[in-house]
2 protein chains.
Amino acid sequence: MTTRLTARPTGQMLIAGNPVAGTGTEIRGFNPATGQTLEPAYRYGDEAHVDGACAAAAEAFGPYRATTSEQRARFLETVAASIEAIKTELVERAVAESGLPEPRIAGEVGRTTGQLRLFAAVLREGSWNGARIDPAQPDRSPLRRPDIRQREVPLGPVAVFGASNFPLAFSVAGGDTASALAAGCPVVVKAHDAHPGTSELVGAAIARAVAQSGMPAGTFSLLFGSGPGLGVALVADPRIKAVGFTGSRFAGMALVATAAARPEPIPVYAEMSAVNPVFLLDGALAARGAEIGTAFVGSLTMGSGQFCTNPGLVLAVDGPGLEDFLTAAGTALATAAATPMLTPGIAASYAKGVDTLRAVSTEEARGQAAAGETYCQAALFSTDAATFLATDALQAEVFGASSVLVRCADIEEMVAVAAGLDGQLTATVHAEESDYQVAAELLPVLELKAGRILFNGWPTGVEVGHAMVHGGPYPATSDSRTTSVGARAIERFLRPVCYQDVPDALLPSVIADGNPDGVWRRIDGQLTRD
Amino acid sequence: MTTRLTARPTGQMLIAGNPVAGTGTEIRGFNPATGQTLEPAYRYGDEAHVDGACAAAAEAFGPYRATTSEQRARFLETVAASIEAIKTELVERAVAESGLPEPRIAGEVGRTTGQLRLFAAVLREGSWNGARIDPAQPDRSPLRRPDIRQREVPLGPVAVFGASNFPLAFSVAGGDTASALAAGCPVVVKAHDAHPGTSELVGAAIARAVAQSGMPAGTFSLLFGSGPGLGVALVADPRIKAVGFTGSRFAGMALVATAAARPEPIPVYAEMSAVNPVFLLDGALAARGAEIGTAFVGSLTMGSGQFCTNPGLVLAVDGPGLEDFLTAAGTALATAAATPMLTPGIAASYAKGVDTLRAVSTEEARGQAAAGETYCQAALFSTDAATFLATDALQAEVFGASSVLVRCADIEEMVAVAAGLDGQLTATVHAEESDYQVAAELLPVLELKAGRILFNGWPTGVEVGHAMVHGGPYPATSDSRTTSVGARAIERFLRPVCYQDVPDALLPSVIADGNPDGVWRRIDGQLTRD
């Protein structure tokens, strides 16, 4: 099934299937583990490239959205196969550009292709169409009820911004791209500077799949450029109708502002910042405080802590169980090797963030000293609840392996701290059965703060499935009503249209008489496949 | 079932069930049909009233959202019964405050109570919970798959802005309020100045239902105030988590800007402006041009044209059928009586809008002369496609009975005009079978422009059902992904939360083991009631 291909980055962007050299600032991949600069060079695109990609996407939109669910499902599977065909070179390049371990990157390839196949399954299942029919009531008094039917249509071309920390799963062929393509939206990706070669390899794999599947060439383009320059120009382009972004709050909110200031405002789905609180309840600490401490450090330091869901905040009531946790965490941290961060810029921000935390809290433990400037020396700080609530810096995300323990006097204080938190991607509770009453008090608070609540585990690791929510109230994301991971991510790029008394011959098949597509539909509000 | 109550407006706001007198600008209801000013006087609220209503809503939110679907369904039915109990006084007052005919207002009471009961049915059906379960896979390699479940939770207190043109169905107990209450969100309404007495009567009916149903008093409050003053303060209040609005583009976008500038931005669902294009295809004009012309004037002049879905734009290819249409429309318009508009301000804006259209196009026909300054003299203008595309004023909504006919040279020109239109609430096509090929060409264009596409009918008249979309791309609304009418309006006030490995004892019942609520759920993506 998988044909092996030799793939080499060439240093070019891809506009509607054509390799195009940039004209602006030169960038290169950089291996943070070795300090080596990688070939080839890439140059930023300019306004003409944005225009070219958007024009191609707008032209492709009509024919692309007219494809059937089955055609798009096969296309997504072809993209997955096309990525698998270059897996060896892709993993090698992504490891070099990220400094992340090979098994992690190999796993991320699987996650990326798995996401594409999940959306193929979502397309085939058919409920994404949102088919609803309220049949006519010709004899209704005083007025006949018309025949009214509803389905979803795609918004239009989507701009996707690759993330630094998942060079594959949240990048060129990541969840935003997969869900937008599934919805019937052409995609223009702005690659992240941290992994240009990886981006080009994946972009070329998508372009090959576009050609093989007979999709319009403008269905996919890949550009390089700065966020404030090319990125803003892309979001401002009138042909772009929605934006997917994963990155910092500052950059995300800049795109939100750009989108809101357009003559036609458009939605921006920005997944931004979170500290992902972990609540250690008394029973759990008493039963397994040390075990939790060791496991916590595993989650904290994984991938140098460069996860949106990194556990950057721990809350617990003071007591012997908490001391067990701290001792074990301190021991684990002391032996945790320094690991490379994605880019020198991220490492510098991390070092600055840790300095800030040290200035306003107590340093409990550090990992092993950094082997170089791009390395992450993990850190754990502590503070009390009053200081935490009064100090904004303690709630700000420090991207990397850094966490703050808030020592609470009692459960009431812990719940009060929870109620004062900003929006989060995740909230974790460690609890034994004896803690369930406290947990039941905490849960309604956490439901309003986080997109995902998990028990007795760690927030790093986001399952790609039908029930996942990777989202949450601001500032975790710019739109809490959505998820960027999992089946429901497709909904971000759709809007409902209703058809009143439209002749059957002109109706889309998903809402035509006799249910030719065999999908689930709501008839007068009741689900049926008839 | 319905207990008759005598209801009289007292001139007060309602904060968490308590009548409260305002402190600011004095306003009174005004009968535009008679020119009579109505008693009692109302005064605008101030910041303390906003604070009181929001504090009460925030306090109510926890217990209110903890009610079951069945409890909220009964509450909504109690609101409906409570409104029906004062129907005589309510209709009398709303007719006086709007100048709209009694049958129209009586019908609107039914529409309003029907909406409340629709959401009761939506709550009982249960799919609004969005229940999804991806069961654990303990033996998955390399990592166990956790148990992941998803459901929807309400956003929090919602601010609702009553509309001028539907004093009942889009006002205090209208679709925004009904859907927000259904979702589990307390509501703070800012009443529209055009119908203060109607607003108070309905608000008091809701407050009685809150008390009778044992809901927290802060579940509902009603304030009076200016849009830029109290309205903006309400949207800026940190306890408000979403906004529903129906009104002008200017006012709607001001609220959008306020919401976006908050420390925590929130969604605004603003239903704003549209000209609702009507496409008359050749076969239809040939078969029934005159009939369409007469029916068009009926839709145009209904309720003085004060509908969001008023047909303000007609497109057709020049020919004898179009002349038949114009002759019949001219005849019907010439005998159309002038009718009162909702407020002197709306009448003045209408007169100004008509003057603007007259300056840039050809006047084809007018209705009978206005009997007074608050009366609407219906108007039909015409222009050619090139002028239309080059003149912004011809695409701007003139609120009231006014429409512009665009004479197109051929179908290509008609499709080009359609493609150049702004977003719309509706697009109407009149077509015979011989027109289906042209219609098929037009439909993909209209799908991207409008929330509702209708054939051989008129856009005025919006069914309240499961498949309705009352929405559309900007500037028709501020969020094209939603509808403000029909069952799916509830989705605007919900966000998904997922629960990973949460013990069954702590799970919400809609996603608990064994499906105790008996709702439709997705298990590994497949719908089931098991």
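In what follows, every chain begins at residue 1, and chains take the letters A, B, ... in the order their sequences are listed. Computed from a prediction, not measured in an experiment: that's the story for all the values here.
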Are [X] and [Y] ion-paired here, with the side-chain N under 4.0 Å from a carboxylate O?
X       : Y       : value
R145(A) : D524(A) : yes
R488(A) : E491(B) : no
E447(B) : R151(A) : yes

task: Would you mind checking which part of A450(B) comes under 4.5 Å of any heavy atom in chain A, side chain (CB onward), backbone (N, CA, C, O), both or neither?
output: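 The answer is the backbone of A450(B).
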Under 4.5 Å from a heavy atom of chain B, the part of [X] involved:
X       : value
P475(A) : neither
V153(A) : side chain
R522(A) : side chain
A440(A) : both
E433(A) : neither
T483(A) : neither
E264(A) : both
R521(A) : neither
I148(A) : both
P508(A) : side chain
D147(A) : neither
D134(A) : both

field: Positive for ring pair (Phe, Tyr, Trp, His ring centres under 6.0 Å) with F493(B), one of Y269(B), F61(B), W128(B)
entry: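 Only match with F493(B) under ring pair (Phe, Tyr, Trp, His ring centres under 6.0 Å): Y269(B).
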message: Any donor-acceptor pair under 3.5 Å linking the side-chain atoms of N276(B) with those of T426(B)?
response: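 Note: T426(B) and N276(B) side chains meet the donor-acceptor criterion.
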Heavy atoms from other residues, nucleotides or ligands near [atom1] of [X] exceed 12 (cutoff 6.0 Å):
X       : atom1 : value
Q395(B) : CD    : yes
E432(A) : CD    : yes
Q137(B) : CD    : yes

query: Given the options T482(A), L448(A), V502(A), which has more heavy-atom pairs under 4.5 Å with chain B than any of the others?
result: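 Of the candidates given, the most pairs with chain B belong to L448(A).
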